[in-house]
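Down below is the structure, laid out as structure tokens.
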Amino acid sequence: MMKEKRDFKSLQDLAAEQIMAYALDPVENPLPDKYREQYDRVVSAARLLDSYPNVGHVISLLKSKYRVTTNQLREDVKLAQQLFKTKHTFDWDFWFAWMIKDQVELIQRCKARGDLKAWNAAKKTLHELIGEKPEAISDPERMMKNLFVVQINNIGGAREMPLEEVKNLSDDDKRDIIDALYEPVEETKMEEIFNS
């Protein structure tokens, strides 16, 4: 059994320059007819991927517009993802870091050549890329003194004692406070506390 040779060639078989030339000027650089329909599907898929990052949803929308198989549409969407970066897949952080690195290298080359005019222009461009350093947002409560208190419940009632005062107590008084903190509470006293 011989495999059937397919008569349709994919858009991937063309050179990228030929596809780009058609995209820029379709009148002067026409694509062969057999590629034009797939090109339209791939461009439609790329536009839809910008709005809908869900591939399944894009394939459903394309299926309603074009009369081709789902497998063919999957290939078209895959090709669209490779050719056209969407706002969902474009790596802004990578390209921003790359632009800054490239600009720094340009500044270094201009300085090494002694070209002060290009050096200053490159520094100005780098400054525009980076922008101004944002002002630190000052927290109004940051400089406020925090008051920590220890509540001491005595037979006569409760008293709030600042932590600084607790630190200044004698060792015996501190021990009494610690013992009182760890003293188990009887059930009758616990009920009184909850009911109060």
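Just so we're clear, the structure is a prediction, and the values are computed from it rather than from any experiment. Keep in mind that the numbers below use all heavy atoms, side chains included, and drop hydrogens, waters and symmetry copies.
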Legend entry - Asn71 and Glu75 side chains, donor-acceptor separation under 3.5 Å: no

Inset, instruction - Taking the side chain as every heavy atom from C-beta outward, state whether Arg109 and Glu105 have any pair of such atoms under 4.5 Å apart. - result: yes

Inset, instruction - Look up atom CG in Asp76 and atom OG1 in Thr69, then write down how far apart they are to the nearest 0.5 Å. - result: 8.5 Å

Legend entry - Non-hydrogen side-chain atoms of Val77 and Ile59 separated by less than 4.5 Å: yes

Inset, instruction - May I ask you to test the Val68-Glu37 pair for a side-chain heavy-atom distance under 4.5 Å? - result: yes

Inset, instruction - Evaluate the side-chain proximity of Arg36 to Pro30: yes if any heavy-atom separation is below 4.5 Å, no if none is. - result: yes

Inset, instruction - Answer yes or no: is there a side-chain heavy-atom contact under 4.5 Å between Gln103 and Lys123? - result: no

Inset, instruction - Side-chain contact test, heavy atoms from C-beta onward, threshold under 4.5 Å: evaluate it for Lys63 versus Thr70 and give yes or no. - result: yes

Inset, instruction - List the atom of Leu106, the atom of Ala122, and the distance in Å for their closest heavy-atom pair. - result: CD2-CB, 3.9 Å

Inset, instruction - Apply side chain to side chain contact (heavy atoms under 4.5 Å, CB included) to Arg41 and Leu73, showing your working. - result: CA-CA 8 Å; Arg41 288 194 314 264; Leu73 289 175; 4.1 Å; yes

Inset, instruction - Kindly compute the distance separating NZ (Lys167) from CG (Leu169), expressed to the nearest 0.5 Å. - result: 12.0 Å

Inset, instruction - Working to the nearest 0.5 Å, report the span between NZ of Lys65 and OG of Ser60. - result: 15.0 Å

Inset, instruction - Using a 4.5 Å cut-off on heavy atoms from C-beta on, say whether the side chain of Gln72 contacts that of Gln38. - result: yes

Inset, instruction - Indicate yes or no: at least one non-hydrogen side-chain atom of Asp40 is less than 4.5 angstrom from one of Tyr66. - result: yes

Legend entry - Rounded distance (nearest 0.5 Å) linking atom OG1 of Thr125 with atom CD1 of Ile100: 12.5 Å

Inset, instruction - Take atom NZ of Lys174 as the centre, draw a 6.0 Å sphere, and report whether it contains more than 12 heavy atoms from other residues, nucleotides or ligands. - result: yes

Legend entry - OH-CG distance between Tyr39 and Leu31, expressed to the nearest 0.5 angstrom: 7.5 Å

Legend entry - Smallest separation among heavy atoms of Ala118 and Cys110, with atom names: CB-SG, 3.7 Å

Inset, instruction - Measure the spacing between CG of Asn54 and CG of Leu48 and express it to the nearest 0.5 Å. - result: 11.5 Å

Inset, instruction - Give the minimum heavy-atom separation between Ala80 and Val42, together with the two atoms involved. - result: CB-O, 3.5 Å

